[in-house]
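Take a look at the structure below.
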Amino acid sequence: MADHQPDRWDELLREAALAGAGQAQRIAELCVEMLDVTGAGISLASDSGTRGVICATDDVAMRIEEMQVTLGEGPCIDAMTAGGPVLVPDLDSRQDLSPDRWPAFLAGVASAGVRAVFAIPLRIGLISLGAMDLYRDRPGPLRDGELGGALLAAEAAGLALLSLQTSDDGGLRVDDDGKAFQSQVHQATGMVMVQAGVTIEQAFLLLRARAFASGRPLSAVAADVVGRRLRFDSEDL
Amino acid sequence: MSQDDASSSGARSAVRERAVAEMFVSLADTLVDDYDVVEVLDHLVRSCVTLLDVSAAGLLLDDQRGRLALVASSSEETRLLEVFQLQSNQGPCLDCVRGRAIVTSEDLETDRGRWPTFVPEALAAGFRSVTAVPLRLRDDVIGGLNMFSHRAMSLTEADMRLAQALADAATIGILQQRAVHRTSVLAEQLQLALNSRVSIEQAKGVIAERHNVSMDVAFEALRRHARDNNLKLHAVAAGVVMGEITPRFGGSG
């Protein structure tokens, strides 16, 4: 595995957690500080229909976000549809990109001097939250460690958006016990969805809130749910 | 080796060769146009247990964030999943991925010092030996095929070669047959596979709760529904979570 500097990212993302309502903005700024990119933007697009630009680090990044929301096309739209990152290291390269893929988007960003775009969906399995776009005014791929950092930042940004959509004030806790994003957490999310009769997003928030309130790791709470020692019935909520 | 031993071992190897051939044919069948990555990987880890002398098998992928994430397991038993996932921090599979080489322990009892956190957990789950084979892509290693046995043992040279062939097939499955000349394509495919697995876990939870069944039974219901209706596992998982699909249970549920 490449050196991803995960500790440094963890530390910075934890700092970002303290920024409250500005979490998403701070995460976008961290990407610009830590990665060889010119700007970053984050948009919300949940399955419940809420969508819009959350933040951008500069005017060009804002334009990239707004164009995609308006046009309904672009790398972050594709990233959300596919459920995986769309990385375009050179927008002028025919090898990377067919010119008819996003005609209006490409015309719009070329005039703004954008040469590379890296779009990462913000999602946890079937919980779809939005996307993060990183752009650069020069072509070239993200290096191995940079991609790792961008993915960590996207994970954190996803949790920040999740909190924005609800009254969740548990704060951003990235991978709180070093192994939060594991099978049982996701299985428990599905179980809580049925028990409490809520959406999959809300079920994940309920799990996190319980972990936060009881001061226990998310994975321990999830293990109790999967082991059928803990239920989230609607009358208890 | 006596003549009797030799002939019975010859018969065994003929049976096995046929099983191996059948496995690769059925794998080729799943690698058609628009296949489901998790389904293919699931098929591969189950084949490991059938074809090799191992008790359990799992595939862990480098999540490109400095961790290993489980994407397929021969059983959904919680204890096993925990032993796999523990290796995000320590264990033979992590060593295999970092060192880009096969890592084995013929007897975990004697390897407690090597992986102080991992070994007690693996032993408590009933395993005595372990093999981890890298998923190679040219100079890169994108994950590891991890196999456990209840006995202290090591794979034969022939089994080891087959294990590596299965690991290589898994790499091909993850790359979705694309010619990967860009690292970005690899990154895109890896993230897709990992997220697909997360979706399936969420759907398993929904089914397990709704029908009061184990995770194993829930997963089998998902797979059966996908197979019977010619759908991707991922699409069935999404349908279950959206409440659009309710898999039926054949007897066991």
Side-chain angles (χ1 to χ4, degrees), chain A residues 1-7 9-10 47 79 82-89 95-96 118 120-121 123-127 141-145 147-152 155 175 178-179 181-195 199-200 203-204 219 223 225-228 231, chain B residues 62-70 73 76 78 81-82 84-86 88-89 94 97-98 100 140-143 181-212 214-215 218-219 234 237-238 240-243:
Chain A
M1 284 193 268
D3 175 18
H4 302 309
Q5 295 186 304
D7 294 345
W9 273 101
D10 274 356
D47 286 336
V86 173
L87 310 173
V88 193
Q95 193 190 355
D96 281 347
F118 311 100
I120 303 174
R123 62 186 302 149
I124 307 161
L126 292 159
I127 305 173
L142 287 178
R143 291 184 300 272
D144 269 3
L147 178 65
L151 290 168
L152 279 173
E155 210 170 270
D175 205 6
K179 49 179 186 176
F181 282 82
Q182 294 196 350
S183 311
Q184 285 197 327
V185 172
H186 308 306
Q187 292 169 359
T189 305
M191 291 176 73
V192 170
M193 182 186 129
V194 176
Q195 289 170 2
T199 67
I200 191 92
F204 186 63
S219 57
V225 172
V226 174
R228 303 188 197 264
R231 293 184 57 87
Chain B
D62 177 354
D63 77 352
Q64 302 170 299
R65 278 161 265 189
R67 299 179 298 224
L68 288 177
L70 183 71
S73 169
E76 302 300 305
T78 300
L81 299 185
E82 282 170 358
F84 282 134
Q85 290 177 351
L86 191 61
S88 195
N89 299 317
L94 184 63
V97 173
R98 291 231 167 112
R100 301 162 186 239
D140 273 335
V141 168
I142 62 171
H181 45 264
R182 298 189 292 129
T183 43
S184 29
V185 174
L186 171 62
E188 290 169 7
Q189 297 300 330
L190 268 175
Q191 294 304 320
L192 272 175
L194 290 168
N195 197 63
S196 181
R197 177 71 202 196
V198 171
S199 307
I200 289 163
E201 296 300 342
Q202 291 167 340
K204 276 162 55 183
V206 169
I207 297 171
E209 179 62 27
R210 202 168 270 158
H211 303 277
N212 196 25
S214 70
M215 292 299 163
F219 191 35
H234 176 80
V240 165
V241 169
M242 300 304 154

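Lettering of chains follows the sequences in order, A, B, ..., and the numbering in each one begins at 1.
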Run B:K204 and A:V226 through side-chain contact (heavy atoms from CB on, under 4.5 Å) and show every step you take.
CA-CA 11 Å; B:K204 276 162 55 183; A:V226 174; over 6 Å; no
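For B:Q202, there are no side-chain hydrogen bond (donor to acceptor under 3.5 Å, both in side chains) partners two or more places apart in sequence or in a different chain.
Contact record, B:V241 with A:L126: CG2-CD1, 3.4 Å, taken as the closest heavy-atom pair. In terms of heavy-atom proximity, B:E188 sits nearest to A:L87 at OE2-N, 2.9 Å. Here the shortest heavy-atom pairing between B:N195 and A:G125 reads OD1-N, 2.9 Å. Closest approach of A:G148 and B:R65 over heavy atoms only: O-CG, 3.5 Å. When all heavy atoms of B:Q85 and A:S183 are compared, the pair lying nearest together is NE2-OG, 2.5 Å. Taking all atoms of both residues into account, the shortest heavy-atom contact from B:L192 to A:G84 is CD2-N, 3.5 Å.
Looking at heavy atoms from C-beta onward, B:L81 lies out of side-chain contact with A:Q184 at the 4.5 angstrom threshold.
The CZ atom of B:R67 sits 9.5 Å away from the CG atom of A:L151 when rounded to the nearest 0.5 Å. With values rounded to the nearest 0.5 angstrom, A:L142 atom CG is found 11.0 Å from B:Q64 atom CD.
Using a 4.5 Å cut-off between heavy atoms, A:I200 contacts chain B through its side chain alone, with no backbone atom that close. Contacts of B:A203 with chain A are absent, with no heavy-atom separation under 4.5 Å from either backbone or side chain. At a 4.5 Å heavy-atom cutoff, the contact between A:R228 and chain B is made by side-chain atoms alone.
Formation of a donor-acceptor pair under 3.5 Å by the B:E209 side chain with backbone atoms of A:Q195 is not found in this model.
Interface summary for chain A: among B:V206, B:V240, B:L70, B:L190, the most heavy-atom pairs under 4.5 angstrom belong to B:V206.
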